[in-house]
Amino acid sequence: MTKNKSPRRFRQSAISLCLLPFFAWQNVTSAQDGAIKLPELGTVASSSLTIEKEIRIGKAYKMMMRSRLPIVNDPLLEQYINDVGLTLVANANDVKTPFEFFMVENKAINAFAFFGGHVGIHTGLFLLADNESELASVLGHEITHVTQRHLARSIEAREKTSPATMAALLGSIALVMAGAGDAGIAGIQTSLALSQQLAINYTRSNEREADRIGIALTAKSKFDPASASVFFGKMAAQHRYSSKMPAMLQSHPVTELRIAETRVRAQSYSPVAISPNLSFLLAKARIMVRFNDTTDDVINHSLKMSFNNNESTHQMAYDYGKALMAFKLKQYDVALNLIQHLRRTEPDNLFFIDTLSDIYLGLKKPQLAIKLLKHYTSYMANNSVIALNYSSALLEANQYSKAITVLERFLNTHPHNIPAWSMLIDANRKAGKPIERNIAKAEHFALYGNFEQALKELYKAHNQIKNDQITQVKVQARIKQLRQQEEDLKNLKI
Ligand SMILES: [Zn+2]
């Protein structure tokens with residue numbers, strides 16, 4: 001898979017250095033604040049924020065984030081971050097919600113957790129990590145904020161002193177959803193107020209708890225518990241070099257005390273020697289080359305500096321990075337040599353299969369990509385790396401109906417996969433199937449919370465259907481569902 005661009009991109013150059021900031025990525029002007037008119041939601045009862053509501057709120061925010069943030073829609077990175085995150089979740093206590101991990105392309109060193117088990121990390125934070133345990137220590141901390149319900153508690157605590165703010169906070173979700181209009185959620189300036197309202201600070205004791213339980217969790221999950229203090233130390237050092245103190249850091253500093261405390265905590269666990277993890281290094285190389293807004297010279301230099309020891313895993317990550325660079329520069333023969341060499345050691349590594357498939361498509365040899373991927377579809381058809389690459393190879397080879405079959409089957413189990421919907425829209429267009437194309441477009445819009453456009457597409461589809469009762473009934477049912485979903489979001493309150 002080559003890079004799939006998100007519809008909106010935000011750049012943040014300052015280092016927003018903290019583990020916990022919640023929606024800290026945008027600056028809000030008071031003019032935008034003034035434009036918002038909030039619905040009356042009444043007083044919020046402190047016991048009324050149930051897990052079920054948390055999950056619903058989480059879903060609404062995820063929609064909003066899809067349209068507002070450059071979420072990394074990359075199957076390999078998505079899979080990797082979820083592998084690490086879910087390993088930790090499997091060892092955590094008090095897990096009440098499903099968990100989902102995602103990356104945001106942003107240089108600022110940041111990670112955040114929000115309702116319903118959604119944990120996001122910036123690519124900048126990933127690049128600061130030197131090994132998987134450091135990454136795991138951040139994820140463990142964020143997971144703990146969720147399992148300990150720190151956000152819900154913080155909201156409930158704040159509600160006691162400022163009920164209007166909290167009503168507004170939840171009300172603005174409804175407002176955003178209700179007024180999405182043509183441009184979708186992203187079109188609403190007023191919703192920027194959300195980021196301010198949501199800049200909820202966890203208390204010091206919440207932070208301590210997240211550090212303490214998070215470290216225990218990383219140790220239990222067989223990562224190195226000493227990594228947390230190392231990573232905090234690196235974050236603090238980054239901050240020392242930055243000229244501007246981010247607001248979030250003022251209230252939640254990575255202090256010497258915090259670093260020392262995490263170091264002492266880690267000492268209560270037996271030391272572990274963990275060899276470098278190849279997947280971590282490959283994911284890092286991939287971010288460096290594909291999700292890093294900088295010059296080729298800087299990328300080449302970073303690859304050299306990051307994978308500079310004699311470990312074979314480091315050598316492999318370096319070669320993989322070089323292969324991605326060669327591919328980017330359309331030097332397909334160079335890229336092919338490097339990947340074929342890497343596959344001699346790890347023939348089934350998905351990072352290498354993905355790039356090999358890209359190279360075949362670059363060389364205008366989609367049949368070779370199809371042959372490569374077909375082998376893997378026999379036992380991992382539902383793997384996103386395989387399914388998405390296979391579909392894109394089929395599309396290149398003009399095998400539209402086959403691509404449609406593969407995508408539809410994949411979407412049955414991965415209904416939130418944005419690149420798959422985009423490809424299905426394209427496949428239906430090329431296959432001359434306007435009704436199916438409208439239906440796929442509707443689903444794509446719905447994932448961004450743009451119900452108005454989604455419904456328009458479904459009506460268009462509905463108007464074109466002739467003598468196909470099954471599709472007609474299906475479209476009618478979906479229209480009803482989306483209307484209901486839109487209504488539910490409008491009424492979402494705590
Ligand atoms: Zn925190």
* Asked: Does the side-chain contact (heavy atoms from CB on, under 4.5 Å) test come out yes or no for Ile143 and Phe99, once each step is laid out?
  -> CA-CA 9 Å; Ile143 289 166; Phe99 270 83; 3.9 Å; yes

* To do: Test the Arg286-Phe351 pair against the cation-pi criterion, namely NZ or CZ under 6.0 angstrom from the six-membered ring centroid and within 45° of the ring axis.
  => no

* Mind running side-chain contact (heavy atoms from CB on, under 4.5 Å) on Leu128 and Leu125 for me, showing each step along the way? => CA-CA 5 Å; Leu128 188 67; Leu125 184 142; 5.7 Å; no

* To do: Applying side-chain hydrogen bond (donor to acceptor under 3.5 Å, both in side chains), run through His314 and Asn308 and close with a yes or a no.
  => CA-CA 7 Å; His314 273 251; Asn308 59 357; 5.0 Å; no

* Phe102 six-ring face occupied by Lys62 cation (under 6.0 Å, within 45°) -> yes

* Would you find more than 12 non-hydrogen atoms of other residues, nucleotides or ligands less than 6.0 Å from Lys430 atom NZ? -> yes

* So, are Lys96 and Glu54 salt-bridged, with charged N and O less than 4.0 Å apart? -> no

* Distance-only side-chain donor-acceptor flag, Glu100 / His416, under 3.5 Å -> no

* Measure the shortest side-chain to side-chain distance between Asn73 and Glu78 over non-hydrogen atoms and say whether it is less than 4.5 angstrom. => yes

* To do: Test Asp358 against every option in Lys328, Arg290, Lys330 by the salt bridge (charged side-chain N to carboxylate O under 4.0 Å, His left out) rule and name the one that passes.
  => Arg290

* Asked: Passes side-chain contact (heavy atoms from CB on, under 4.5 Å), Leu135 versus Ile121? Steps please.
  -> CA-CA 10 Å; Leu135 178 69; Ile121 72 154; 3.6 Å; yes

* Asked: When you look at His145 and Glu209, which way does the side-chain hydrogen bond (donor to acceptor under 3.5 Å, both in side chains) test go after all the steps?
  -> CA-CA 8 Å; His145 277 315; Glu209 188 172 58; over 6 Å; no

* To do: Classify the ring geometry between His414 and Phe410 as parallel (under 30°), tilted (30 to 60°) or perpendicular (over 60°).
  => parallel

* Would Tyr80 and Phe280 count as a side-chain contact (heavy atoms from CB on, under 4.5 Å) if you check the C-alpha gap in whole Å, the side-chain angles of each, and the deciding distance to 0.1 Å? -> CA-CA 8 Å; Tyr80 174 70; Phe280 169 82; 3.2 Å; yes

* Any side-chain donor near an acceptor of the partner, His141 and Glu207, under 3.5 Å -> yes

* Tell me yes or no: between the side chains of Ser221 and Asn91, is some donor less than 3.5 Å from an acceptor? => yes

* Asked: Where do Ala369 and Tyr360 come nearest, in terms of heavy atoms and distance?
  -> N-CD1, 3.5 Å

* Structure fact -> Looking only at heavy atoms, the pair that brings Ala381 and Arg409 closest together is CB-NH2, 4.0 Å

* Asked: If only atom types and distance count, is the side chain of Lys402 paired as donor or acceptor with the main-chain N or O of Leu394 below 3.5 Å?
  -> no

* To do: Tell me yes or no: between the side chains of Asp224 and Tyr269, is some donor less than 3.5 Å from an acceptor?
  => no

* Shortest non-hydrogen contact from Glu132 toward Val84 -> OE2-CG2, 3.5 Å

* Would you mind checking if Asp319 and Lys322 are paired as a salt bridge, meaning a charged N to carboxylate O distance below 4.0 Å? => yes

* Backbone N or O of Val298 within a donor-acceptor pair of the Ser302 side chain at under 3.5 Å? -> yes

* Counting only N and O atoms by type, is there a donor-acceptor contact under 3.5 Å from the side chain of Asp354 to the main-chain atoms of Leu350? -> no

